[in-house]
Amino acid sequence: MINTFFNSLMYIMPVLAVIVFIALFFVKAGYGIFHTKSWGLSLPNKVGWVIMECPAFILMATMWLTGQYTMMSVPAVFFILFEIHYFQRTFVFPLLMKGKSKMPVSIMLMGVVFNLINGFLIGYSLFHIEHSDQYTVEWLYSPYFIIGLLVFIAGMVINLHSDNVIRHLRPKGDTRHYFPQKGMYRYVTSANYLGELMEWTGFAILTCDAAAWVFVVWTFANLAPRAYAIRKRYVEEFGTEVVGKRKCLIPYIY
């Protein structure tokens with residue numbers, strides 16, 4: 001029964017990703033700079049982020065501990081990389097947030113559902129499906145793992161640095177908006193999203209896992225329309241001369 005559920009989700013999720021991708025060009029998710037009261041009841045951003053992200057962290061730990069590869073080194077590396085990202089997003093990133101932004105409860109709950117589904121798909125695929133012949137120690141020396149790990153690390157560095165740039169855009173007590181221009185913000189207006197997309201692309205490469213690639217599709221479907229909206233907002237607020245030739249999400253491409 002679980003196999004049937006897993007296989008069904010593997011077909012359903014990419015289709016939903018396409019629908020969400022199109023919809024988000026018309027409806028801006030109401031958190032961050034696009035928060036409005038029309039989204040209903042809201043929570044402080046820090047609380048919302050912790051509640052939204054922690055299911056992925058907890059569920060992945062559960063999937064790994066209950067799986068058949070708990071004692072194998074390669075799946076353990078996959079688990080650690082996934083958890084490093086979600087530990088930072090769940091317990092570190094919210095604590096570093098500044099300001100008094102709000103997150104709608106509806107957005108938070110949608111995030112919880114997505115993280116549960118994503119955690120289940122990747123966790124079940126990596127730790128509950130037979131991989132003993134594939135994920136031997138030699139996998140750690142394969143081109144897939146090495147290239148994927150480098151992309152994952154580069155994405156994490158870009159993501160963390162970009163978040164830091166955003167946090168330090170304005171002096172304490174200043175409520176004005178500023179345009180980020182350091183680091184990868186010299187090339188795209190949503191460098192933090194670029195970093196996250198690179199992380200999960202790298203993870204999909206280093207695992208060669210279909211469920212991880214479904215997550216990449218979802219990551220792009222969610223972030224690409226928002227990155228487009230953010231660039232448009234920057235152009236409206238700061239002008240085309242300031243924004244320049246920067247792309248939305250992927251340098252020189254999009």
Side-chain angles (χ1 to χ4, degrees), residues 6 9 13 17 20 29 31-32 43-67 69-70 72-97 101 103 107-128 135 145 148-164 166-167 190-207 209-223 226:
F6 170 81
L9 285 176
M13 291 299 284
V20 168
Y31 65 94
L43 294 172
N45 227 6
K46 293 182 178 183
V47 176
W49 271 101
V50 172
I51 296 174
M52 183 173 67
E53 300 290 349
C54 71
F57 182 84
I58 296 170
L59 181 58
M60 185 59 69
T62 303
M63 298 296 289
W64 180 64
L65 289 171
T66 59
Y69 302 115
T70 307
M72 289 183 63
S73 58
V74 175
V77 171
F78 298 160
F79 167 72
I80 290 169
L81 291 175
F82 187 96
E83 293 292 77
I84 285 174
H85 171 87
Y86 272 100
F87 181 84
Q88 195 277 332
R89 299 303 286 180
T90 303
F91 304 110
V92 179
F93 175 72
L95 292 178
L96 297 175
M97 283 181 171
S101 297
M103 177 182 290
I107 295 290
M108 182 196 73
L109 292 177
M110 285 188 281
V112 167
V113 172
F114 169 73
N115 282 324
L116 286 173
I117 293 174
N118 175 59
F120 166 74
L121 288 179
I122 295 180
Y124 189 80
S125 182
L126 290 179
F127 310 133
H128 291 260
Y135 294 143
F145 182 82
L149 181 62
L150 291 175
V151 174
F152 181 88
I153 293 173
M156 179 170 286
V157 170
I158 291 172
N159 183 261
L160 294 177
H161 179 262
S162 301
D163 283 342
N164 187 64
I166 291 293
R167 280 194 297 269
S190 291
N192 51 341
Y193 294 165
L194 168 64
E196 186 163 354
L197 181 60
M198 286 178 62
E199 279 188 71
W200 295 121
T201 300
F203 189 81
I205 294 171
L206 67 88
T207 59
D209 180 68
W213 280 111
V214 170
F215 186 35
V216 172
V217 171
W218 259 95
T219 301
F220 182 82
N222 181 43
L223 297 184
R226 188 169 179 86

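What's counted below: heavy atoms across the whole structure, side chains too, no hydrogens, waters or symmetry copies. Along the sequence shown, residues carry numbers from 1.
Partners of F93 by ring-ring contact (aromatic ring centres under 6.0 Å, His included), not counting sequence neighbours, listed by chain and number: W49. Looking at residues two or more places apart in sequence or on another chain, you find a side chain to side chain contact (heavy atoms under 4.5 Å, CB included) between L160 and Q88, M156. For S73, the side chain to side chain contact (heavy atoms under 4.5 Å, CB included) partners at least two apart in sequence or on another chain are V137. Scored by the side chain to side chain contact (heavy atoms under 4.5 Å, CB included) test, V47 finds L43, P44, I51 as partners (sequence neighbours excluded).
F114 places a side-chain heavy atom less than 4.5 Å from the side chain of M13. For the pair N164 and R167, the minimum side-chain heavy-atom distance is below 4.5 Å. In this structure, D163 and E196 have side chains that are not in contact, with every pair of non-hydrogen atoms separated by 4.5 Å or more. Using a 4.5 Å heavy-atom cutoff, the side chains of L9 and I117 are in contact. Considering only heavy atoms from C-beta on, T207 stays 4.5 Å or farther from F145 through its side chain.
Between T201 and L197 the shortest heavy-atom distance is OG1-O, 2.8 Å. M52 and I107 make their closest contact through SD-O, 4.2 Å (heavy atoms, listed as atom of the first residue, atom of the second, distance). Heavy atoms only, all atoms of each residue included: A211 and L121 are closest at CB-O, 3.5 Å. Contact detail for T90 and P94: the closest heavy-atom pair is O-CG, 3.3 Å. Residues I205 and W213 share a closest heavy-atom pair of CG1-CZ2, 3.8 Å. The shortest heavy-atom contact between A221 and A17 is CB-O, 3.3 Å.
No donor-acceptor pair closer than 3.5 Å links the side chain of H128 to the backbone N or O of G123. One N or O on the side chain of N159 and one on the backbone of N192 form a donor-acceptor pair closer than 3.5 Å.
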Using distance only, find each side-chain donor-acceptor pair of residues 54-61 under 3.5 Å and give its atom names and separation, not counting sequence neighbours.
none

Counting only pairs under 3.5 Å, give me each side-chain donor-acceptor contact of residues 76-86, with atom names and distances, residues two or more places apart or in other chains.
residue	atom	partner	partner atom	Å
H85	ND1	E199	OE1	2.8
Y86	OH	N115	OD1	3.4

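Aromatic ring centres of W218 and F215 lie farther apart than the 6.0 Å criterion allows.
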### Query
Between L126 and Y135, does a side chain to side chain contact (heavy atoms under 4.5 Å, CB included) hold up when you go through it step by step?
CA-CA 10 Å; L126 290 179; Y135 294 143; 3.8 Å; yes
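The aromatic rings of F87 and F91 lie tilted to each other, with the angle between the two planes from 30° to 60°.
Taken from CE in M198 to CG in L150, the straight-line distance is 10.0 Å, to the nearest 0.5 Å.
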